[in-house]
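Residues take their numbers from the sequence shown, with the count starting at 1.
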Amino acid sequence: MSRIGLIGFCSDKNSSFLRGAAEAPPLIREALYSDAANLWSESGIDLGRDDVFFDAGDLNTDAPKEIEGAVSGLLAQGLCPLVLGGDHSITWPIVRAIARAHPTLSILHFDAHPDLYDDYRGNPHSHASPFARIMEEKLAQRLVQVGIRTMNGHQREQAERFGVEVIEMKNLRDGLELSFDTPVYISVDIDGLDPAFAPGVSHREPGGLTTRQVIEIIQSISAPVIGADIVEFNPRMDSTGMTAVVCAKILKELAG
């Protein structure tokens, strides 16, 4: 089994509404290794084996070049990056590193928001803009977004401009299976889930995905998954710790 490079970026400088996502990575790890659950994925992989995770720790940086460099370092060691955020702005430098190693790349993106703003409130590196940067740099041949329920006119224009495949929540049906002809990078914005399942986010948007829907779509992918991130968990918005547990569950299924 290829080892997975687990790394966290404690970054929320580019958040547009609330701070707090920078505090998430250690809490996701704590939930992952909690005695309340085991380290087996539903697909039957024992993630507790010594040869599965290489934990590169957490970095307190918002600098795109530092984020890109850290992920490139994991790839150079033959590791598959599994990244804990942090806000969604980190996905652009992560994908820059991934795309150099995998020039033919598709992205599966779970989110309430398409994050396609050319610049949000004057910030081209906002957490609302990473996929505009990714697509304008042609880092991915295909971008599929699932769970979107906040489209506006500008972002619809951006989606058309970049050829983004948007599966809006209002059109989603159970049993969705996605087919990819290239390696896939998966980006999970935790606010793609309905806040009933994951309340610990800065931008709560009702009417979202269930935890089971996200897991089933991930499990249905037959193409190689060559990296992933889990972003936008804001611990300040969830005193119960439930959202950390949901993040850890999705982490296990991504790793599996």
Side-chain angles (χ1 to χ4, degrees), residues 1-15 21-29 32 47 51-111 115 124-127 129-144 180 182-190 218 221 223-233 247-248 250-256:
M1 180 187 297
S2 298
R3 290 172 64 188
I4 294 167
L6 188 64
I7 190 168
F9 294 112
C10 300
S11 164
D12 60 15
K13 183 181 74 174
N14 289 301
S15 296
E23 301 165 13
L27 296 179
I28 299 173
R29 275 196 192 77
L32 176 67
L47 301 172
D51 62 344
V52 176
F53 285 118
F54 170 78
D55 197 331
D58 296 331
L59 297 181
N60 295 306
T61 182
D62 301 287
K65 286 193 177 295
E66 292 182 7
I67 294 169
E68 182 180 346
V71 174
S72 293
L74 295 177
L75 290 163
Q77 297 176 63
L79 298 170
C80 179
L82 208 168
V83 184
L84 310 178
D87 69 37
H88 219 154
S89 66
I90 67 173
T91 299
W92 168 54
I94 294 169
V95 171
R96 292 193 82 186
I98 295 280
R100 279 200 305 274
H102 300 277
T104 304
L105 179 68
S106 297
I107 299 174
L108 172 58
H109 168 210
F110 295 95
D111 208 325
D115 292 349
H125 302 304
S126 167
H127 69 157
S129 299
F131 292 97
R133 304 288 80 80
I134 287 167
M135 297 308 285
E136 71 187 7
E137 292 186 13
K138 297 180 170 57
L139 300 176
Q141 283 65 53
R142 187 180 176 201
L143 171 59
V144 181
F180 294 95
T182 69
V184 180
Y185 181 86
I186 301 177
S187 182
V188 181
D189 185 324
I190 209 68
I218 290 170
I221 296 170
V225 176
I226 43 74
D229 63 56
I230 300 172
V231 296
E232 294 290 348
F233 164 36
C247 290
I250 292 172
L251 188 161
K252 285 194 286 189
E253 298 314 308
L254 287 168

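- For the atom pair CG of Leu254 and CD1 of Ile218, the computed distance is 4.0 Å after rounding to the nearest 0.5 Å.
- Glu66 places none of its side-chain heavy atoms less than 4.5 Å from the side chain of Leu59.
- The side-chain contact (heavy atoms from CB on, under 4.5 Å) test with Phe110 singles out one residue from Asp189, Ile186, Ile230, and that residue is Ile186.
- Here CG of Leu143 is found 5.5 Å from CD1 of Ile107. Values are rounded to the nearest 0.5 Å.
- Expressed to the nearest 0.5 Å, how far CG of Asp55 lies from CZ of Arg3 amounts to 11.0 Å.
- Between Asp87 and Val231 there is no side-chain heavy-atom pair separated by less than 4.5 Å.
- The closest side-chain heavy-atom distance from Asp229 to Phe9 is not below 4.5 Å.
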Extract all donor-acceptor atom pairs below 3.5 Å that involve side chains of residues 74-83 and protein atoms in other chains or at least two apart in sequence.
from  : atom 1 : to    : atom 2 : distance (Å)
Gln77 : NE2    : Gly73 : O      : 3.3

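- The shortest side-chain heavy-atom distance between Pro26 and Asp58 falls under the 4.5 Å cut-off.
- Ring geometry for His109 against His88 counts as perpendicular: the plane angle is over 60°, on a 0 to 90° scale with 30° as the lower cut.
- Between the side chains of Thr182 and Thr104, not a single donor N or O lies within less than 3.5 Å of an accepting N or O.
- Taking all atoms of both residues into account, the shortest heavy-atom contact from Ile28 to Gly85 is CD1-O, 4.4 Å.
- In this structure, Leu6 and Leu251 have side chains that are in contact, with non-hydrogen atoms separated by less than 4.5 Å.
- Smallest separation of non-hydrogen atoms from Ala140 and Met135: O-CE, 4.0 Å.
- Note: Asp111 CG to Ser187 OG = 7.5 Å, rounded to the nearest 0.5 Å.
- Pro64 approaches Pro93 most closely through the heavy-atom pair O-CB, 3.3 Å.
- What you find for Ala22 and Cys10 is that their closest heavy atoms are O-CB, 3.2 Å.
- One finds the CG atom of Leu27 at 5.5 Å from the CZ atom of Phe233 (value rounded to the nearest 0.5 Å).
- Considering only heavy atoms from C-beta on, Ile190 comes within 4.5 Å of Cys247 through its side chain.
- Between the side chain of Arg133 and the backbone N or O of His125, no donor-acceptor pair lies under 3.5 Å.
- The minimum heavy-atom distance linking Ile94 with Tyr185 is given by the pair CG2-OH, 3.2 Å.
- If you take CD on Glu232 and CG on Asp115, they are separated by 7.5 Å, rounding to the nearest 0.5 Å.
- Contact between Gln141 and Leu105 at its shortest, heavy atoms only, is OE1-N, 2.5 Å.
- Side-chain contact between Thr61 and Ile67: present, with at least one pair of heavy atoms (C-beta onward) separated by less than 4.5 Å.
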